[in-house]
Amino acid sequence: MNFFRQISSTCCLAVVALVAAVASCGGESTSAETVKPGDVAVQLFNAITSGDVQVVKDNIHFDSQVEKDVFDEYLDMAVASQDYKERTAGYTANYEIVSDTITADTAFVKLKGMTALGKMTTFNVRLVRIEGDWKVDGSQAVLHREK
């Protein structure tokens, strides 16, 4: 039994090493150098209203896995709800960057766009740089919403 566990562990390490080697062998960079925090904020807000749950999950950061898991579960339920489907039917989000301020690994982006209810609104969004990539800060994503 221990022999099989040792082989299993060795195989897992080999797979991880192979994936890391392939990932580092090129491809288009999506690091913070090429993707700006404002672009991430726009993409996330547009994805929320289009129901692209995976884009939202990939571009938001929480300090703990528990917070992330709870958010992901809530997001899945919200997007599946009839109310959400009715509000977003035929609606295409088109948020635009009004301004952005970047200081080291924190950015504040002001977005403006039309809500699914037809109201022009502005959001002030906080982003953080995590392992080189900009993510919307899930704990303080929307700092202020103007009507």
Side-chain angles (χ1 to χ4, degrees), residues 8-147:
S8 177
S9 296
T10 303
C11 288
C12 286
L13 289 173
V15 169
V16 168
L18 178 62
V19 168
V22 170
S24 66
C25 287
E28 190 173 318
S29 173
T30 58
S31 71
E33 302 303 318
T34 58
V35 179
K36 297 178 180 166
D39 298 334
V40 172
V42 166
Q43 183 180 21
L44 185 132
F45 273 71
N46 287 343
I48 288 171
T49 55
S50 68
D52 194 341
V53 173
Q54 196 57 50
V55 168
V56 177
K57 290 178 180 180
D58 291 346
N59 288 293
I60 196 161
H61 170 77
F62 290 90
D63 290 333
S64 77
Q65 188 60 44
V66 172
E67 290 175 313
K68 175 82 170 119
D69 291 345
V70 168
F71 174 81
D72 288 353
E73 186 176 326
Y74 174 77
L75 183 63
D76 289 337
M77 288 185 329
V79 171
S81 75
Q82 188 61 35
D83 181 56
Y84 178 86
K85 291 175 184 175
E86 289 172 5
R87 286 183 180 207
T88 58
Y91 168 71
T92 303
N94 192 21
Y95 286 94
E96 297 177 356
I97 301 166
V98 175
S99 64
D100 64 353
T101 305
I102 303 168
T103 307
D105 291 334
T106 304
F108 295 92
V109 177
K110 187 175 202 174
L111 297 178
K112 184 176 185 177
M114 190 73 66
T115 69
L117 298 175
K119 294 181 180 178
M120 185 60 73
T121 191
T122 304
F123 293 98
N124 293 308
V125 183
R126 182 176 192 257
L127 294 94
V128 291
R129 192 179 346 230
I130 304 295
E131 297 177 5
D133 295 323
W134 288 106
K135 305 283 182 181
V136 171
D137 184 349
S139 63
Q140 298 181 27
V142 177
L143 298 174
H144 180 68
R145 178 179 176 186
E146 301 170 10
K147 294 181 182 181

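Just so it is clear, the model here is predicted, and its values are computed rather than measured.
Using a 4.5 Å cut-off on side-chain heavy atoms (C-beta onward), Asp100 and Lys36 make no contact. The side-chain heavy atoms of Thr122 and Lys110, taken from C-beta on, include a pair separated by under 4.5 Å. Contact annotation: the side chain of Ile48 approaches that of Val56 to within less than 4.5 Å [non-hydrogen atoms, C-beta and beyond]. Contact annotation: the side chain of Leu111 approaches that of Ile97 to within less than 4.5 Å [non-hydrogen atoms, C-beta and beyond]. Within the 4.5 Å cutoff, no side-chain heavy atoms of Lys135 are placed close to those of Val40.
Counted within 6.0 Å of CD on Gln54, heavy atoms from surrounding residues, nucleotides or ligands total more than 12; the atom is thus considered enclosed.
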Can you check side-chain contact (heavy atoms from CB on, under 4.5 Å) on Asp52 and Asn46, steps first, answer last? CA-CA 8 Å; Asp52 194 341; Asn46 287 343; over 6 Å; no
Test Val35 against Asp133 for side-chain contact (heavy atoms from CB on, under 4.5 Å), laying out the working first. CA-CA 8 Å; Val35 179; Asp133 295 323; over 6 Å; no
For a side-chain contact (heavy atoms from CB on, under 4.5 Å) check, start with the C-alpha distance between Ile102 and Trp134, then their side-chain angles and the critical distance, and finish with the verdict. CA-CA 11 Å; Ile102 303 168; Trp134 288 106; 3.9 Å; yes
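Arg129 CZ to His61 NE2: the interatomic distance, rounded to the nearest 0.5 Å, is 14.0 Å. Remark: Ile130 CD1 to Asp63 CG distance equals 7.5 Å, nearest 0.5 Å. The distance from the CG atom of Asn94 to the CE atom of Met114 is 10.0 Å, given to the nearest 0.5 Å. One finds the CZ atom of Phe62 at 5.0 Å from the CZ atom of Phe71 (value rounded to the nearest 0.5 Å).
Panel note: side chain Thr103, backbone Thr106; no donor-acceptor pair is recorded below 3.5 Å.
Ring orientation note: the planes of Phe45 and Tyr95 are nearly perpendicular, at an angle over 60° on the 30°/60° scale.
Scanning both residues, Lys68 and Lys57, for their nearest heavy atoms gives NZ-O, 2.8 Å. Closest non-hydrogen pair, Pro37 versus Leu127, comes out as O-CD2, 3.3 Å. Between Ser139 and Asp137, the shortest heavy-atom distance links the atoms OG-OD1, 2.8 Å.
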